[in-house]
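Quick caveat: nothing in here was measured; it's all calculated off a predicted structure.
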Amino acid sequence: MKRIYIIRHGQTYINRYNKMQGWCDTPLTETGIATAEHVGEILQNIPFDIALSSDLKRANDTCDFIIKHNINRDEMQHLATPLFREQFYGYFEGMDTDMAWQMIGGPHGYQNHYDIFKNESIDTIKDWIKEADPFHEAENAKEYWSRLDQGFKLIHQLDGAENILLVTHGFTIRSIAARFGDYDISVGPRNASITIMNMTDSNQKVISYNKMKI
């Protein structure tokens, strides 16, 4: 069995300013760096066999901060891949979060993202994002899961890797928790939070979501 420790990256400037951040990228704030260091200390005695991250800088940097504290830091490989990038928001990239979700949810009777995530499936939400994007370049559910499933296939193929560090993004962690667990995702994972998934040859299951310690 593989155990995957899924970490949301530390706070960025766009997080701080409450804007949509998918494939667009900004640096970690001082708070983001501090929380990345802190989660590294929390996980320091987990003997990670490999570290994976999104190739976006905020996740890549968070991963490196975690690795430097780890008991296996001298042997651990860090693989950054676009397969674990955040949802692509298309036209909504960089937009004020509340405004974006009103545009996405408004045609369906929702005025805020909390109610959308409380009442609609994660795949419906992804499809609505693409539908509301005037350029229709945002990822829908089919496009998003085609990418993420390639990432999980990569993890399946990591022979001998039992403890895996994966640093990725908020909506992606929400998506994983909704698909492979039974959690209320109306509240998204906090920056530098820990979500844990068990993976076998036949099954994937999220066993802990959005924790600040293990």
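- Using a 30° and 60° split on the angle between ring planes, Phe117 and His113 fall in the perpendicular class, above 60°.
- For the residue pair Thr26 and Lys19, no side-chain donor N or O sits within less than 3.5 Å of a side-chain acceptor on the partner.
- Linking Ile, Leu, Val, Met, Phe, Trp and Tyr residues whenever their side-chain heavy atoms come within less than 4.5 Å leaves Met199 and Val167 in two separate clusters.
- More than 12 heavy-atom neighbours from other residues, nucleotides or ligands sit within 6.0 angstrom of CG on Asn203.
- Within a 6.0 Å radius of CE in Met99, other residues, nucleotides and ligands contribute 12 heavy atoms or fewer.
- Taking the six-membered ring where the residue is Trp, His108 and Trp128 present parallel rings, their angle staying beneath 30° rather than reaching 60°.
- The pair Asp123-Lys142 fails the salt-bridge criterion, with no side-chain N (NZ, NE, NH1 or NH2) lying under 4.0 Å from an Asp/Glu carboxylate O.
- With hydrogens and angles disregarded, a donor-acceptor distance shorter than 3.5 Å links the side chain of Asp49 to the backbone of Glu162.
- A donor-acceptor contact shorter than 3.5 Å links the side chain of Asn70 to the backbone of Ile46.
- Between Ile196 and the choices Val206, Ile4, Ile214, the side chain to side chain contact (heavy atoms under 4.5 Å, CB included) rule is met once, by Ile214.
- In this structure a side-chain-to-backbone donor-acceptor pair under 3.5 Å is missing from Asn18 to Thr97.
- A salt bridge is defined here as a Lys NZ or Arg NE, NH1 or NH2 lying under 4.0 Å from an Asp or Glu carboxylate O, and Arg85 with Asp25 fails to meet this definition.
- Between the side chain of Asn210 and the main chain of Thr195, no donor-acceptor pair closer than 3.5 Å is present.
- Not a single donor-acceptor pair under 3.5 Å links the side chain of Asp133 to the backbone N or O of Gly90.
- Note on Tyr89: it clusters hydrophobically with Trp145, by side-chain heavy-atom contacts below 4.5 Å among ILVMFWY residues.
- The local environment of CZ in Arg16 is sparse, with at most 12 non-hydrogen atoms from other residues, nucleotides or ligands closer than 6.0 Å.
- Heavy-atom contacts from other residues, nucleotides or ligands closer than 6.0 Å to NZ of Lys2 number more than 12.
- Side-chain contact of Gln21 with Thr12: a donor-acceptor pair under 3.5 Å is present, judged by distance alone.
- Applying the 6.0 Å contact sphere to CD of Glu30 captures no more than 12 heavy atoms from other residues, nucleotides or ligands.
- Both the sub-6.0 Å distance and the 45° axial angle are not jointly satisfied by Lys130 relative to the ring of Tyr144.
- Of the possible polar contacts, none joining the Thr35 side chain to the Gly10 backbone as a donor-acceptor pair under 3.5 Å is found.
- Checked against Lys126 for a side chain to side chain contact (heavy atoms under 4.5 Å, CB included), the options Glu131, Glu139, Gln87 give a single hit: Gln87.
- The hydrophobic clustering, which links ILVMFWY residues whose side-chain heavy atoms are closer than 4.5 Å, places Ile14 and Met20 apart.
- Between Phe84 and Phe152, the distance from one ring center to the other falls under 6.0 angstrom.
- The minimum heavy-atom distance between Asp184 and Lys118, with the atom names listed, is OD2-NZ, 3.1 Å.
- Checking side-chain atoms of Glu137 against main-chain N and O of Tyr91 turns up no donor-acceptor pair under 3.5 Å.
- Distance CD1/Ile122 to CD1/Ile116: 10.5 Å, rounded to 0.5 Å.
- For the atom pair CG (Leu28) and CZ (Arg58), the distance works out to 9.5 Å, reported to the nearest 0.5 Å.
- Put simply, Ile66 and Ile71 are part of two different groups of oily side chains (I, L, V, M, F, W, Y) that touch within less than 4.5 Å, one to the next.
- The only member of Leu165, Ile7, Thr168, Leu166 that meets side chain to side chain contact (heavy atoms under 4.5 Å, CB included) when paired with Cys63 is Leu165.
- Using a distance-only test at 3.5 Å, with no hydrogens or angles considered, a donor-acceptor pair links the side chain of Asn112 to the main chain of Asp115.
- Of the possible donor and acceptor atoms, one in the side chain of Arg147 sits under 3.5 Å from a partner among the backbone N and O of Pro82.
- Hydrophobic clustering (side-chain heavy atoms under 4.5 Å, transitive across Ile, Leu, Val, Met, Phe, Trp, Tyr) groups Tyr209 together with Met197.
- Arg174 places a side-chain N or O within donor-acceptor distance of the main-chain N or O of Ser186, the cut-off being under 3.5 Å.
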